[in-house]
Amino acid sequence: ASLLALGGLGVQTGFCQGTSIKPLVTDLYTADPSAHVFNGKIYIYPSHDIEADVPQDDEGGHFQMRDYHVYSMDKIGGKVTDHGVALDVKDVPWADKQMWAPDAAFKNGTYYLYFPVKDKEGVFRMGVATSKSPTGPFKAEPKPMEGSYSIDPAVFTDTDGKSYMYLGGIWGGQLQRWHTGKYEKSLMTDLGKGHENEPALSAKVAAMSGDMLSFSEPLKDVQILDENGKPLLASDNKRRFFEGAWMHKFNGKYYFSYSTGDTHLLCYAEGTTPYGPFTYKGVIMNPVEGWTTHHSIVEVQGKWYIFYHDAALSGKTHLRNVKVRELLRDNNGDIKTINP
Ligand code: FUB
């Protein structure tokens with residue numbers, strides 16, 4: 001079925017209608033939505049999914065994205081505006097292919113777009129591109145961020161103005177290949193057989209330099225502990241980190257959230273500093289349609305929202321559509337599980 005037949009040409013209004021959550025964008029396939037409020041307006045920085053006829057594999061070869069669009073909304077439930085191509089892989093000198101989940105930040109009058117893309121050796125690196133407008137076009141720096149690897153950057157700016165990047169994704173996101181400190185192509189999935197009772201691979205975090213173009217320190221592990229204060233194990237695939245990190249702060253606490261990948265859950269863990277350690281708290285969202293699940297959490301006019309994707313429009317795991325819904329908490333701040 002043609003996407004156009006499903007409605008929408010660049011400007012849509014999808015939100016909750018009754019119990020059904022409508023896709024925000026229906027004329028392109030979009031995924032991995034990183035949402036931010038800049039100057040009172042909502043901006044969404046998603047991946048732009050395309051059909052490239054590459055067979056599905058555990059390395060995510062079917063995700064062959066080539067550019068990014070930025071979307072904006074004045075309010076949740078309002079019209080969604082597509083601002084066109086913000087960055088194309090052909091304009092990133094060191095990049096080869098697969099522009100995966102991006103994020104954005106604002107500092108010192110400049111907007112920064114952070115994006116993972118494979119370099120010419122097939123290794124995921126983090127790129128950064130800048131613009132004076134939140135919607136781009138963005139100009140890429142000539143080289144990847146020094147010391148960067150893997151995928152799914154999420155940049156969080158704390159209330160003291162300091163910014164941090166969280167990153168990482170296992171399997172296709174290649175995080176396991178960096179386990180020893182250098183790139184080892186043979187490490188395909190998790191840590192491999194015989195390592196099930198070892199601590200799970202961790203997402204990484206580093207503070208950003210003042211110019212937001214590099215890390216100001218080496219990447220550190222984001223530790224997630226269980227209820228007994230022990231690191232989650234590699235075999236604990238309903239709770240361990242897989243990809244899609246996000247950070248938000250609520251009532252002075254730091255909420256690190258992520259996807260469990262092969263068990264398709266969005267989970268969260270709570271800590272008292274941006275570096276953690278974080279204690280596992282629970283499931284934010286049960287599996288959506290499609291293999292991947294990826295989200296962001298943002299406060300808009302006093303309410304909290306989760307932006308996420310599913311594959312409802314296409315029925316194909318690599319052709320996704322972004323959605324938004326309210327995030328609700330108990331009185332103690334614990335996030336209520338959503339059943340999409
Ligand atoms: O969109 C490609 C990859 O799929 C992302 O980087 C992951 O988080 C998953 O959503």
Side-chain angles (χ1 to χ4, degrees), residues 23 25 28-35 44-52 54-69 87 89 95-104 113-119 122-127 144 148-155 165-177 189 201 203-204 222 237 240-247 256-268 284-285 287-297 306-314 316-323 340:
V25 178
L28 296 180
Y29 291 114
T30 55
D32 310 321
S34 291
I44 312 170
Y45 299 85
S47 302
H48 172 195
D49 284 352
I50 53 167
E51 181 58 85
V54 174
Q56 186 165 334
D57 60 28
D58 280 349
E59 286 202 66
H62 43 314
F63 296 104
Q64 289 288 334
M65 300 81 109
R66 297 195 193 109
D67 63 20
Y68 296 109
H69 286 230
L87 183 67
V89 70
D96 183 27
K97 62 180 180 179
Q98 292 180 282
M99 287 189 125
W100 284 15
D103 192 20
L113 180 71
Y114 299 96
F115 55 96
V117 62
K118 279 185 182 162
D119 67 14
V123 180
F124 268 115
R125 304 279 181 189
M126 227 53 86
S148 70
Y149 52 79
S150 199
I151 58 165
D152 292 358
V155 175
M165 181 183 286
Y166 299 83
L167 62 86
I170 60 180
W171 300 11
Q174 303 179 341
L175 186 61
Q176 69 281 358
R177 295 182 176 171
T189 59
L201 289 161
K204 307 287 174 200
V222 176
N237 64 342
R240 62 93 170 86
F241 170 82
F242 189 98
E243 63 185 1
W246 190 257
M247 171 58 66
F256 177 73
S257 47
Y258 55 95
S259 161
T260 60
D262 55 349
T263 48
H264 320 290
L265 299 167
L266 291 175
C267 291
Y268 77 104
I284 299 177
M285 190 180 278
V288 294
E289 191 174 339
W291 198 96
T292 66
T293 185
H294 189 121
H295 76 302
S296 61
I297 293 171
I306 179 164
F307 286 74
Y308 62 104
H309 68 231
D310 63 26
L313 271 185
S314 71
K316 292 183 182 171
T317 218
H318 61 293
L319 299 176
R320 301 160 292 177
N321 50 266
V322 298
K323 294 184 168 178

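Both ligands and their constituent atoms are indexed starting at 1 by order of listing. The basis for the numbers below is simple: all heavy atoms, side chains too, and nothing from hydrogens, waters or symmetry mates.
Backbone and side-chain nitrogen or oxygen atoms of His309 are examined, and none is located within less than 3.5 angstrom of a nitrogen or oxygen of ligand 1.
For ligand 1, the atoms lying closer than 4.0 Å to a non-hydrogen atom of Ile151 are 6 (O). Below 4.0 Å from some heavy atom of His294 lie the following atoms of ligand 1, by number and element: 7 (C), 8 (O), 10 (O). Close contacts of ligand 1 with Ala101, meaning ligand atoms under 4.0 Å from a residue heavy atom, involve 6 (O).
Of all protein heavy atoms, the one closest to atom 3 (C) of ligand 1 is Trp100 CE3, 3.7 Å. Nearest to atom 6 (O) of ligand 1 among the protein's heavy atoms is Asp152 OD1, 2.5 Å. Scanning the protein heavy atoms around atom 10 (O) of ligand 1, the nearest turns out to be Asp32 OD1, 2.6 Å. Atom 4 (O) of ligand 1 has Arg320 NH1, 3.4 Å as its closest protein atom, hydrogens excluded (heavy atom only).
Looking at Met99 against ligand 1, nothing comes within 4.0 Å, counting heavy atoms.
Residues Met247 and Phe256 have side chains in contact (heavy-atom distance under 4.5 Å, counting atoms from C-beta outward). Looking only at side-chain heavy atoms (C-beta outward), Leu175 and Glu243 stay at 4.5 Å or farther from each other. Looking at heavy atoms from C-beta onward, Leu313 lies in side-chain contact with Tyr29 at the 4.5 angstrom threshold.
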Fill in: Worked check of salt bridge (charged side-chain N to carboxylate O under 4.0 Å, His left out) between Asp49 and Arg320
CA-CA 7 Å; Asp49 284 352; Arg320 301 160 292 177; 2.7 Å; yes
Worksheet item: Can you check side-chain contact (heavy atoms from CB on, under 4.5 Å) on Tyr258 and Phe242, steps first, answer last?
Response: CA-CA 7 Å; Tyr258 55 95; Phe242 189 98; over 6 Å; no
Practice prompt. Before giving the answer on side chain to side chain donor-acceptor pair (under 3.5 Å), spell out for Glu51 and His318 the whole-Å C-alpha distance, their side-chain angles and the decisive distance to 0.1 Å.
Written response: CA-CA 8 Å; Glu51 181 58 85; His318 61 293; 3.0 Å; yes
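Nearest to atom 9 (C) of ligand 1 by heavy atom, out of His62, Glu243, Met65, is Glu243.
The distance from atom CH2 of Trp246 to atom CD1 of Ile297, rounded to the nearest 0.5 Å, is 9.0 Å.
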